[in-house]
Novice: 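Submitted below is the structure of interest, expressed as structure tokens.
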Amino acid sequence: MLPPAFPMELSGLQALKYINLNSCGLTSVPEVLSTLSTLETLDLEDNLLGAAQQAERAFPAGIAGLSRLQWLNIARCELQQVPNLVERLSALRILDLTNNRITNAGLPSGLARLQYLKSIGLKRNCLTSVPRMLGQMQSLQEIYLEDNNDLEVTEPIRFLMDLPQLNVVMMGKQEPNSSWMPQSTVFLVDLAVQLKLRDPTKDVLRLSALGLGLPLT
């Protein structure tokens, strides 16, 4: 349900490129936003879009038609899954999903189709492993995975080596009782070494975890 005072007249702003609906108490994305064909930045941070439990109900299908949208911020929206329509936002460059409750199962594999995506923020979610589909996003430059406190690396993650433009991988655990398992540490060090061998001038992998003496670069 939309706030009663939401300006439906927005549909007439056909040159609008940026809209900020941060902290508006929205439980669904206003349908009128689907008509803003020139929109490039949509900031929906700190709303209640996950209140319906099904993310698809909170996002009108027409949002997928925003063919110029480059930045989507749906951080702090209580989401447990990413709505499937996000994978159809073909121009997307930045996707911020920080501080939700997204699990590995809540990341649709179709996100790998976002061929222009450069940055994905998955900090402070409920991931338990590094999502393998990240290795298919060939334009990806920045990956943020910090403070997923149940995240462990139980197998080699050299699939991230397939990303030719990768500049930053952030992982860390800052909760007092959190630390990396020894097996995770081995695989993380392996990735760090491989990335360093690929480009000795860059410190791509940045890790922090209590009790490990990190960051490791």
Side-chain angles (χ1 to χ4, degrees), residues 16-22 28-29 33-45 47 49-50 54-146 148 151 157-171 191 195 204-206:
L16 192 67
K17 294 186 177 182
Y18 173 85
I19 189 166
N20 186 337
L21 295 174
N22 195 307
S28 62
V29 177
L33 298 186
S34 301
T35 69
L36 303 176
S37 59
T38 59
L39 201 63
E40 296 179 358
T41 298
L42 177 55
D43 187 349
L44 294 166
E45 182 173 351
N47 281 289
L49 302 180
Q54 292 289 333
E56 302 297 332
R57 298 177 185 174
F59 289 79
I63 293 294
L66 297 177
S67 60
R68 299 187 186 182
L69 194 67
Q70 298 182 28
W71 178 31
L72 177 61
N73 183 2
I74 45 178
R76 298 176 62 197
C77 284
E78 301 186 5
L79 296 171
Q80 297 182 39
Q81 62 190 79
V82 180
N84 290 320
L85 62 81
V86 171
E87 67 191 52
R88 294 162 56 194
L89 295 170
S90 58
L92 208 61
R93 265 68 168 175
I94 301 172
L95 177 58
D96 193 348
L97 301 163
T98 300
N99 212 346
N100 281 292
R101 296 177 295 189
I102 297 168
T103 63
N104 287 75
L107 287 171
S109 59
L111 290 179
R113 301 191 188 101
L114 296 174
Q115 59 178 324
Y116 299 113
L117 195 70
K118 297 183 181 300
S119 177
I120 185 165
L122 285 162
K123 182 177 179 178
R124 296 196 187 105
N125 275 284
C126 298
L127 301 178
T128 56
S129 63
V130 178
R132 184 166 286 275
M133 59 89 176
L134 294 177
Q136 302 172 39
M137 296 179 168
Q138 290 298 297
S139 295
L140 209 54
Q141 297 178 6
E142 302 174 357
I143 301 171
Y144 297 94
L145 295 167
E146 309 101 298
N148 282 271
L151 191 150
I157 50 176
R158 291 191 181 185
F159 55 84
L160 295 181
M161 295 289 297
D162 296 333
L163 304 176
Q165 301 182 55
L166 190 64
N167 288 320
V168 175
V169 181
M170 298 288 290
M171 283 191 272
L191 178 63
L195 290 169
V204 174
L205 181 61
R206 300 173 186 271

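Hydrogens, waters and symmetry mates are skipped; everything else that's a heavy atom, side chains included, is used.
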Novice: What verdict does the side chain to side chain contact (heavy atoms under 4.5 Å, CB included) test give for Glu78 and Leu49, after you've listed the backbone C-alpha separation in whole Å, the side-chain angles of each residue and the deciding distance to 0.1 Å?
Specialist: CA-CA 6 Å; Glu78 301 186 5; Leu49 302 180; over 6 Å; no
Novice: Can you give the donor-acceptor pairs under 3.5 Å from side chains of residues 113-122 to other protein atoms, not counting sequence neighbours?
Specialist:
from, atom 1, to, atom 2, distance (Å)
Arg113, NH1, Glu87, OE2, 2.6
Ser119, OG, Glu142, OE1, 3.4

Novice: Search all heavy atoms of Ser67 against all heavy atoms of Ala91 and return the closest pair with its distance.
Specialist: O-CB, 3.2 Å
Novice: At what distance, to the nearest 0.5 angstrom, does CD1 of Ile63 lie from CG of Leu36?
Specialist: 8.0 Å
Novice: Where do Cys77 and Leu44 come nearest, in terms of heavy atoms and distance?
Specialist: SG-O, 3.1 Å
Novice: Tell me the closest heavy-atom pair linking Met133 and Ala112, and the distance in Å.
Specialist: O-CB, 4.2 Å
Novice: I need the minimum non-hydrogen distance between Thr41 and Leu69, along with the two atoms involved.
Specialist: N-CD1, 3.8 Å
Novice: Do the side chain of Asn125 and the main chain of Leu127 share a donor and acceptor less than 3.5 angstrom apart?
Specialist: no
Novice: Inspect the surroundings of CZ in Arg93 and state if more than 12 heavy atoms from other residues, nucleotides or ligands are less than 6.0 Å away.
Specialist: yes
Novice: Between Asn47 and Leu21, what is the shortest heavy-atom contact and its length?
Specialist: ND2-O, 2.9 Å
Novice: Using 0.5 Å steps for rounding, measure from the CG atom of Asn99 to the CD1 atom of Ile74.
Specialist: 13.0 Å
Novice: Under the salt bridge (charged side-chain N to carboxylate O under 4.0 Å, His left out) rule, collect the residues that match up with Arg124, sequence neighbours excluded.
Specialist: Asp147
Novice: Name each donor-acceptor pair under 3.5 Å that joins a side chain in residues 102-110 to protein atoms two or more places apart or in another chain, with its distance.
Specialist:
from, atom 1, to, atom 2, distance (Å)
Thr103, OG1, Ala105, N, 3.4
Thr103, OG1, Gly106, N, 3.2
Asn104, OD1, Thr128, N, 2.8
Asn104, OD1, Thr128, OG1, 3.4
Asn104, ND2, Ser129, O, 3.1
Asn104, ND2, Ser129, OG, 3.1

Novice: Say you draw a straight line from CE of Met161 to CG of Leu166; how long is it, rounded to the nearest 0.5 Å?
Specialist: 9.0 Å
Novice: Working to the nearest 0.5 angstrom, can you tell me the gap between Arg101 CZ and Gln80 CD?
Specialist: 5.0 Å
Novice: What is the distance from atom CG of Leu33 to atom CG of Leu66, rounded to the nearest 0.5 Å?
Specialist: 7.5 Å
Novice: If we check side-chain contact (heavy atoms from CB on, under 4.5 Å) with Leu205, which of these qualifies: Val168, Leu195, Ile157?
Specialist: Leu195
Novice: Is the shortest heavy-atom distance from the side chain of Val130 to the side chain of Met171 under 4.5 Å?
Specialist: yes
Novice: Does the side chain to side chain contact (heavy atoms under 4.5 Å, CB included) test come out yes or no for Arg57 and Ser28, once each step is laid out?
Specialist: CA-CA 7 Å; Arg57 298 177 185 174; Ser28 62; over 6 Å; no
Novice: Could you pull out the closest heavy-atom pair between Leu160 and Leu191, with the gap in Å?
Specialist: CD1-CD2, 3.9 Å
Novice: When rounded to the nearest 0.5 angstrom, what is the spacing between CD in Gln70 and OG in Ser90?
Specialist: 10.5 Å
